[in-house]
Amino acid sequence: MHLQSAAFSAARPPLPMPRAGSNLPDGGHCSVPPVSSSSSSFSRDLPPFLPRIRPLSCRPTRFFLTPRLANRKSSLGLTTVAKASEDVAAAAAGGTENHGEAAVSSYGSSSTSGMVKKLQLGFLFGLWYLFNIYFNIYDKQVLKVYPFPMTITTFHFAIGTVLIWLMWVTNLYKRPKISSKQLVAIVPLAIVHTLANLFTNMSLGKVAVSFTHTIKALEPFFTVVLSAMFLGELPTLWVVISLVPIVGGVAMASLTEASFNWAGFWSAMASNLTNQSRNVLSKKIMDKDEETMDNITLFSIITVMSFFLLAPVSLSVEGIKFTPSYMRFAGLNLKEVYVRSFLAGVCFHAYQQASYMILAEVSPVTHSVGNCVKRVVVIISSVLFFRTPVSPLNSIGTGVALIGVFLYSRVKRTKSKSA
């Protein structure tokens, strides 16, 4: 019996004995008192095969209603392990923790700046559309009672010239330094820019605003033709296919337009031709120029040059027809004509300025898509404001033409991505 108990005692692993003053894992506290005579006699009464132990004097274990001990990682040894792993990682990375924080900070700032840039771009698109709507409304109102498109166009360029001069004087935009070589290169651009805006005003004076912009949806057709003629850029099959609904839709809208007349139709077509000639010439001329300039500067210079080009021609062709005495003689409301002409000129310059600012931020294809949407907005706004009579076939033709413009923009976007 003694041998079996000894064997059992030897095989049993020794139990950890708490030291004096140690804390139990559950929050209790134990102390080991000195051995007294009573405890000694108690130990001597035990069988010899049992180990002699000292009685423990322990405070009762504390229990918590909240999961305090479960959340204490020190009881599981996780705090020490986590701390050690953090120290090892910091030592191995050589301070990458700070770089990580910097990366997170830079990512946050870049995402914020990207959001701000998108908001600014959306704001510019809104201004572009809004100013274009108001320009067409005010311009049409003036041209209906004052049929002198050349004088009106000169007045628009004059207002733009004053606004540009104010920008340069107040340093809102840096005044450019232009060489004589650049001036010579810009003159053809200024001529076609002048003609494009003049023909647009001539068309607006003859036909409805919606019809003028429906015809101007043919701009992609002229772009393809002129690029093939002067730049040697042959269109792809998909580009040619996208032009079919544009041409067909404009033809259908023209046949069913209530305000149709040939003067307004050919003026809008001439505006398309000169507008796209300006774009082709800009690409052909400015690519050869080593000292390139940004779009806003180019637009500003072209506007000023257009005013000086058109003013003497306007005076010689239409004469001085903007004086108060002439306005009263013609039975016009002097204040209304002047105020609306001024507002049309401000909106004219503002929407073109916004357009060039957008072009400086996005690709030409994205700008083309935005221009297509702008044309839809202008057509709908003018129809609602002037209560223009629109037949079902006219609406279908306009819609087909605008869908074709959108398809053309998508094809050009796909082509630019594949290139």
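Quantities reported herein were computed from a predicted structural model and do not represent experimental measurements.
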For the residue pair F299 and H349, is the inter-centroid distance of their aromatic rings smaller than 6.0 Å?
yes
Here the gap from Q120 atom CD to K117 atom NZ, rounded to the nearest 0.5 Å, amounts to 9.0 Å
- Task: Apply the test side chain to side chain contact (heavy atoms under 4.5 Å, CB included) to residues M252 and T398: give CA-CA distance (whole Å), side-chain angles for both, the deciding distance (0.1 Å), then the verdict.
- Result: CA-CA 8 Å; M252 183 183 298; T398 303; over 6 Å; no
So side-chain hydrogen bond (donor to acceptor under 3.5 Å, both in side chains) across residues 321-330, not counting sequence neighbours, yields T323-S325
Nearest heavy-atom approach of I246 to V405 is CG1-N, 3.5 Å
Between the OG1 atom in T303 and the CG atom in L163, the distance rounded to the nearest 0.5 Å is 10.0 Å
Between L309 and A190, the two heavy atoms sitting closest are CD1-CB, 4.0 Å
Residues at least two apart in sequence or cross-chain that pass ring-ring contact (aromatic ring centres under 6.0 Å, His included) with F211, listed by chain then number, are F260
- Query: Is F221 atom CZ crowded by more than 12 heavy atoms from other residues, nucleotides or ligands, each under 6.0 Å away?
  - Reply: no
request  = Taking the side chain as every heavy atom from C-beta outward, state whether I301 and Q182 have any atom pair closer than 4.5 Å.
outcome  = no
Count the heavy atoms of every other residue, nucleotide or ligand shown that sit under 6.0 Å from CG of L237, and state whether that count exceeds 12. yes
So the salt bridge (charged side-chain N to carboxylate O under 4.0 Å, His left out) pairs with at least one residue in residues 331-352 (sequence neighbours excluded) are none
Applying ring-ring contact (aromatic ring centres under 6.0 Å, His included) to F222 and not counting sequence neighbours gives none
| query | Using a distance-only test with no angle check, is there a side-chain donor-acceptor pair under 3.5 angstrom linking S203 and T212? | reply | yes
Report yes if the side chains of F307 and V304 come closer than 4.5 Å at any heavy-atom pair, otherwise no. no
Practice prompt. Any chance you could lay out the side chain to side chain contact (heavy atoms under 4.5 Å, CB included) test for S277 and L226, step after step, and finish with the verdict?
Written response: CA-CA 7 Å; S277 298; L226 294 175; 3.5 Å; yes
Contacts of H213 meeting ring-ring contact (aromatic ring centres under 6.0 Å, His included) (sequence neighbours excluded), chain-then-number -> none
Does a side-chain heavy-atom distance below 4.5 Å link F199 with L195? yes
Measuring only between side-chain heavy atoms, which start at C-beta, is L243 closer than 4.5 Å to P220? yes
Residues pairing under ring pair (Phe, Tyr, Trp, His ring centres under 6.0 Å) where one sits in residues 152-173, two or more places apart or in two chains, turn out to be F135-H156, H156-F348, F157-H193, F157-F348
- [ ] For the pair N136 (side chain) and N132 (backbone), establish whether a donor and an acceptor sit closer than 3.5 Å, ignoring hydrogens and angles.
- [x] yes
(message) Between S271 and T200, is there a side-chain donor-acceptor contact under 3.5 Å, judged purely by atom types and distance?
(response) yes
Verify the neighbour count for atom CE of M357: are there more than 12 heavy atoms of other residues, nucleotides or ligands below 6.0 Å? no
Here the gap from I191 atom CD1 to T274 atom OG1, rounded to the nearest 0.5 Å, amounts to 12.0 Å
In this structure, SG of C372 is separated from CG of L407 (nearest 0.5 Å) by 9.0 Å
Applied to residues 370-390, the salt bridge (charged side-chain N to carboxylate O under 4.0 Å, His left out) test, sequence neighbours excluded, yields E219-R375
Checklist line | Check against side chain to side chain contact (heavy atoms under 4.5 Å, CB included), I137 and F386 | finding: CA-CA 8 Å; I137 290 175; F386 293 106; 4.3 Å; yes
Considering only heavy atoms from C-beta outward, does the side chain of V224 approach that of Y408 to under 4.5 Å? yes
Would you say the side chains of S267 and K206 form a donor-acceptor pair under 3.5 Å? no
Closest non-hydrogen atoms of L204 and D139, given as atom of the first, atom of the second and distance, are CD1-OD2, 3.5 Å
- Can you check whether Y351's main-chain N or O pairs, donor with acceptor, with S355's side chain at less than 3.5 Å? no
ring-ring contact (aromatic ring centres under 6.0 Å, His included) filter on Y146, not counting sequence neighbours, yields F148
Heavy-atom nearest pair, T153 first then P149, reads OG1-O, 2.7 Å
Could you list the donor-acceptor pairs under 3.5 angstrom formed by side chains in residues 311-319, with sequence neighbours left out?
residue: S316; atom: OG; partner: P312; partner atom: O; Å: 3.2
residue: S316; atom: OG; partner: V313; partner atom: O; Å: 2.8
residue: E318; atom: OE1; partner: T151; partner atom: N; Å: 2.8
residue: E318; atom: OE1; partner: T151; partner atom: OG1; Å: 2.5
residue: E318; atom: OE2; partner: M150; partner atom: N; Å: 3.1

Sorted by chain and residue number, the side chain to side chain donor-acceptor pair (under 3.5 Å) partners of S259 (sequence neighbours excluded) come out as E257
Heavy-atom closest pair (L143 atom, N201 atom, distance to 0.1 Å) is CD1-O, 3.3 Å
Indicate the ring-plane relationship of W266 and W262, choosing parallel, tilted or perpendicular according to the 30° and 60° boundaries. parallel
Between the CG atom in L218 and the CG atom in N272, the distance rounded to the nearest 0.5 Å is 6.0 Å
- Count the heavy atoms of every other residue, nucleotide or ligand shown that sit under 6.0 Å from OH of Y134, and state whether that count exceeds 12. no
Contacts of T223 meeting side chain to side chain donor-acceptor pair (under 3.5 Å) (sequence neighbours excluded), chain-then-number -> Q276
Heavy-atom nearest pair, Y338 first then P324, reads OH-N, 3.4 Å
Rounded to the nearest 0.5 angstrom, the CD1-OG distance for I152 and S341 is 4.0 Å
Here the salt bridge (charged side-chain N to carboxylate O under 4.0 Å, His left out) pairs for residues 259-276, sequence neighbours left out, are none
Problem set entry | Derivation of the side chain to side chain contact (heavy atoms under 4.5 Å, CB included) call for F265 and N261 | CA-CA 6 Å; F265 175 81; N261 65 71; over 6 Å; no
